[in-house]
Amino acid sequence: MNNKAITCNKLTKQFGGFKAVDQITFDVDSGEIFGFLGANGAGKTTAMRMLCGLSYPTSGEATVAGFNVYKQQEKIKASIGYMSQKFSLYENLTVYENIEFYGGVYGLSRPEIKKRGENVVSTLGLTNEAKKLVGELPLGWKQKLAFSVAIFHRPKIVFLDEPTGGVDPVTRRQFWDLIYEAAADGITVFVTTHYMDEAEYCNRISVMVDGRMEALDTPTNLKKKFNTHSMDDVFYQLARKAERS
Amino acid sequence: MPAVTLKNIVKTYDDGKVKAVNNVSFDVEHGELFGLIGPDGAGKTSIFRILTTVLLAEKGSAAVEGHDVVKDYRWIRNKVGYMPGKFSLYQDLTVAENLHFFATIFNTTIEENYDLIKDIYDQIKPFSNRPAGKLSGGMKQKLALCCALIHKPVVLFLDEPTTGVDVVSRKEFWDMLKRLKKQHISILVSTPYMDEASLCDRIALIQNGNIMSVDTPQNIIDSFPAHLYAARAKDIYQLLKNFRADQAIESCYAFGEYLHLTLKDDDNGDAILKELAAKYNPEDFEAKSITPTIEDSFIRLMESGELKVESGK
């Protein structure tokens, strides 16, 4: 296996005559924080579903954690973590039950779940809440717990789909501390966001427009290229050309 | 008489366990574009629902154009436009049918107030025969705004109209609001995006049901109580860890490509920054004095006082 977490070559997904994802080509390095941006309807979710082993591409090649997206979907699923703003934890299970459930799904042993579970709970400062239902926690805590659960089985790559939507600015930053820590531990982070300041925290950013990948570079280089000081403006210049939004 | 008044409004859920709105008071003046800025769970939607008469407050009073939200709810329902955060049009009716429906129940016609929505409706007109449920996010938002405007409301309530919408559509939406303001419609709008605050005449910063500040965006920025600095280096995460642990630093957090920081000794900033640069010697280090943003003010207000405890830190 090489040191690429993700490789994509002309990856395409077509629904009838509609090219939701249109020949995207890119690599993500191991341990990188990779920002995956795009306007509404640009094809981000469709692309992520293919990379997570949930949907077959129409054409093109891709590997995730070294596994082929056509033939090794189950191996991909075991090697990645996933978290989204919309769904992540079971609200009617307790904090600890959620941890046990996800640990079990990913095949960790009971002693291992116990050991790591206690670690997660104490790191997040949730010791007093471990037996509370997740539904009773404030949104910010839920999001941080959801992230810790998504990387509980130490996946090679974690996919985060708008993980900080609606979260207050202080918690949003605490969340990014967790992302940095995970990356420092060697976990590759693949993240989408609508907050352009968060795009700056990524090592590299890609911007999708109408199914195509229109830009891919470091935040600094993108700003240079588009002759501006803000990522907001880079995104605006690229996305306003979109015909699908 | 202001367009909207709230006095000591309280709303709790779960037998008083959850304080959604905690003694909230503010006014929205005539023709004002007033922003309610705060994250999910701050109490924004409860306030909107109380003002649009679909939720009863437990304590306090509120009025729209001088009409009490409890006694005069019929008057208010006829006179205001309300765009809830959740898309609430009929998904199986077409764009044109939805608009016609809302015009009819408000006892008016599309033609009568067409000039008010023309700019916005022109953009979705090519899709007028498409079911509303099949529109993209940006187009749904435009249709919902048209339906909320079709009876020429005196006050417009927009609950998170730009949440989950991309930067391009957000920009277009705020341009539309600016044009509506010129038609003398008072607007109360909520958003979790701090960068939208500067587009409002006045804003209220809200967190955990408490209003932390009500003022013009400029005044809120001007009243930031310390000097704010921005710093960066090649390894910005290492810099953040160093600065957070350093005794000279009062607060430090990531903000886009920079860290924002305040110092314990606020009067000798330049000298202290030089010392810090020498102490950690980070590669490609840069530091400068900057003007705070609304987000900086929000963070500062959140980190001070009892709010810190309630937000679960």
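A note on names: the letters A, B, ... follow the listed sequences, proteins ahead of strands, and every chain is numbered from 1. All values below were derived from every heavy atom in this structure, side-chain atoms included, with hydrogens, water molecules and symmetry-related copies excluded.
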### Pair B:E295 + A:R173, salt bridge at N-O below 4.0 Å
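Counted as a salt bridge, because a side-chain N and a carboxylate O are separated by less than 4.0 Å.
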#### Entry: Electrostatic pair B:R170:A:D232 at N-O distance under 4.0 angstrom
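Result for this pair is no, no salt bridge flagged.
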Nearest heavy atoms of [X] and [Y], plus distance in Å:
X      : Y      : value
B:G256 : A:E200 : C-CB, 3.3 Å
A:D177 : B:Y237 : O-OH, 3.7 Å
A:G166 : B:P39  : O-CB, 3.4 Å

#### Entry: Heavy-atom pair count under 4.5 Å with chain B, highest-scoring of A:W176, A:Y201, A:Y195, A:F235
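Option with the greatest count: A:Y201.
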#### Entry: 4.5 Å side-chain heavy-atom contact, A:H194 and B:D166
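A:H194 vs B:D166: side chains touch.
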### Task
Answer whether the closest heavy-atom distance between the side chains of A:P169 and B:M194 falls below 4.5 Å.
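Yes - at least one pair of side-chain heavy atoms lies under 4.5 Å apart.
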### Task
Answer with side chain, backbone, both or neither: which region of A:Q237 has an atom nearer than 4.5 Å to a non-hydrogen atom of chain B?
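Nothing of A:Q237, per the 4.5 Å heavy-atom cut-off to chain B.
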#### Entry: Region of A:M231 that comes under 4.5 Å of a non-hydrogen atom in chain B
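Nothing of A:M231, per the 4.5 Å heavy-atom cut-off to chain B.
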At a 4.5 Å cut-off on heavy atoms, which part of [X] comes close to chain A: side chain, backbone, both, or neither?
X      : value
B:L240 : side chain
B:R300 : neither
B:F255 : both
B:K241 : neither

Tell me, yes or no, whether the heavy-atom count around [X] atom [atom1], taken from other residues, nucleotides or ligands under 6.0 Å, exceeds 12.
X      : atom1 : result
A:K223 : NZ    : yes
A:K19  : NZ    : no
A:R154 : CZ    : no
B:K264 : NZ    : yes
B:D122 : CG    : yes

### Query
Which one of B:D40, B:V18, B:D14, B:D195 has the most heavy-atom pairs closer than 4.5 Å to chain A?
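Greatest number of close heavy-atom pairs with chain A: B:D40.
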### A:T218 OG1 to B:E257 CD distance, which is reported to the nearest 0.5 Å
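One gets 10.5 Å once the value is rounded to the nearest 0.5 Å.
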